[in-house]
Amino acid sequence: MLIDSADDLCDIARKVPLQQVEHKILTDAGIELLVRRDDLVDAELSGNKFYKLFFNLRAAREQGFNTLSSFGGAYSNHLHALAAAGNRYGFNTLGVVRGERPSHLSPTLRDAVAWGMQLVFVSRMDYQRKSEPELIAEFQSRYGDFYLIPEGGANVAGARGMQALGRILEHQLKGDYTAVCMASGTGTSLAGLAAGIDREKPAIGFSVLKGEGGLGNSISRTYRQLCDSHGADNWRLISGFHAGGYGKKHPEYLSQFWQEFERASGIPLDPIYTLKLFWGIYSLAQQGYWPRGSRIVALHSGGLQGRRGFMCP
Ligand SMILES: *Cc1c(COP(=O)(O)O)cnc(C)c1O
């Protein structure tokens, strides 16, 4: 079974293609852009959520848990991936969802239920308390014992899967690149990625959140748990491309960029994360941010299930 050995994660990660994208903006800026297509890992369980779950599933199995639980919103890529993983690797899953139960479940939650996830809806107020031991104990007495994964898969085990990806990417590129970029929410994936690649090269996160208090500290903490960094950390966070914040309605220019990018590249993007990543990379290219001759790598972190219910190009 997949989760029984780390080699299997690496076997999968090694097969992920790097695809070159051409565009006038890139040519004019004198840069090359390669996309690592981690959205193609699997039809149900792909992108960074696959890497973030891997060592969590393994820990749960080793510790003898039959049930996995985590939190998220009604469109959460993380809960979607957790439900798929539970179904595939033989765990029960309990998804704690923010907000009242709606009369119609989102496509994300419908999939999760079809994969056997039990959903518990909690008020926004209780949801804010979700990490408090009392609330977790209450859930455990009601639904049985479970292995708890934080919202978004944001723990060191999650980052460790992304560190493995980073090592493989470094090997694929043989040092011939300038920077690796990805979309950041909690920043867990960024911390892992930075710890996996060459310490001299930057991993750049494009934050999709507006005003992320404390994000830098938590990225730094996770990063330092994965590698002894002497000197400066090799991750950076860029905050100017959240376009209003997480899950907010897209301004017109962003919808236009989405449409044009997909038409030109043939690469589908998700509305919350990867769209903002590519928009950020292209905008910085227009501003002359990337030195001419740069070879930029963008990590496609998946999330394509989130296209449903969105007006996609
Ligand atoms: C969850 C997610 C991210 C953000 O990952 P973090 O580790 O929380 O920063 C990026 N891209 C996609 C597609 C995601 O689903």
Side-chain angles (χ1 to χ4, degrees), residues 16 35-42 44-56 70-85 106-108 111-112 149-166 180-196 203-210 212 214-223 225-226 235-239 241-243 245-247 258 267-281 297-308 310 312:
V16 174
V35 183
R36 189 180 140 98
R37 298 291 307 275
D38 282 290
D39 56 314
L40 298 176
V41 162
D42 184 272
E44 292 168 351
L45 186 52
S46 72
N48 68 331
K49 299 303 184 284
F50 163 70
Y51 295 91
K52 286 168 85 174
L53 283 174
F54 185 88
F55 290 107
N56 277 299
S70 195
F71 314 96
Y75 296 89
S76 164
N77 292 332
H78 168 63
L79 284 186
H80 194 262
L82 182 66
S106 65
T108 305
D111 283 350
I149 302 175
E151 185 177 33
N155 60 11
V156 177
R160 195 159 280 135
M162 288 299 295
Q163 184 179 24
L165 183 157
V180 184
C181 302
M182 75 171 299
S184 278
T186 64
T188 312
S189 299
L190 179 66
L193 180 66
I204 304 177
F206 286 75
S207 180
V208 305
L209 306 176
K210 186 176 173 180
E212 53 287 330
L215 193 53
N217 285 340
S218 89
I219 297 173
S220 200
R221 205 176 319 119
T222 307
Y223 175 86
Q225 282 173 279
L226 297 176
W235 61 267
R236 327 244 175 292
L237 201 59
I238 293 186
S239 307
F241 299 98
H242 57 69
Y246 185 88
W258 192 4
I267 300 176
L269 303 178
D270 83 292
I272 309 280
Y273 294 100
T274 51
L275 169 59
K276 292 173 182 175
L277 165 68
F278 285 95
W279 174 56
I281 292 173
V297 183
L299 186 80
H300 195 316
S301 46
L304 298 179
Q305 69 87 22
R307 289 167 63 89
R308 296 171 300 179
F310 230 91
C312 291

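Residue numbers run from 1 in the order of the sequence given. When a ligand or atom number is given, it counts from 1 through the structure's own listing order. All values derive from a computational prediction rather than experimental measurement.
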Do D38 and Y51 get their side chains close enough for a donor-acceptor pair, meaning under 3.5 Å?
yes
Using the six-membered ring wherever Trp is involved, compare the ring planes of F241 and W279 and label them parallel, tilted or perpendicular (cut-offs 30° and 60°).
perpendicular
Sequence neighbours excluded, which residues qualify as side-chain hydrogen bond (donor to acceptor under 3.5 Å, both in side chains) partners of T186?
T188
side-chain hydrogen bond (donor to acceptor under 3.5 Å, both in side chains) partners of T108, counting only residues at least two apart:
Q305
Determine the interplanar angle of the Y246 and Y273 rings, folded into 0 to 90°, and report it as parallel if under 30°, tilted if 30 to 60°, perpendicular if over 60°.
perpendicular
Residues two or more places apart in sequence or in another chain: which of them pass side-chain hydrogen bond (donor to acceptor under 3.5 Å, both in side chains) with H78?
S70
Can you tell me which residues line ligand 1 if we count any heavy atom under 4.0 angstrom from one of its atoms, in chain and number order?
N48, K49, K52, N77, A183, S184, G185, T186, G187, T188, S189, Y273, S301, G302, G303
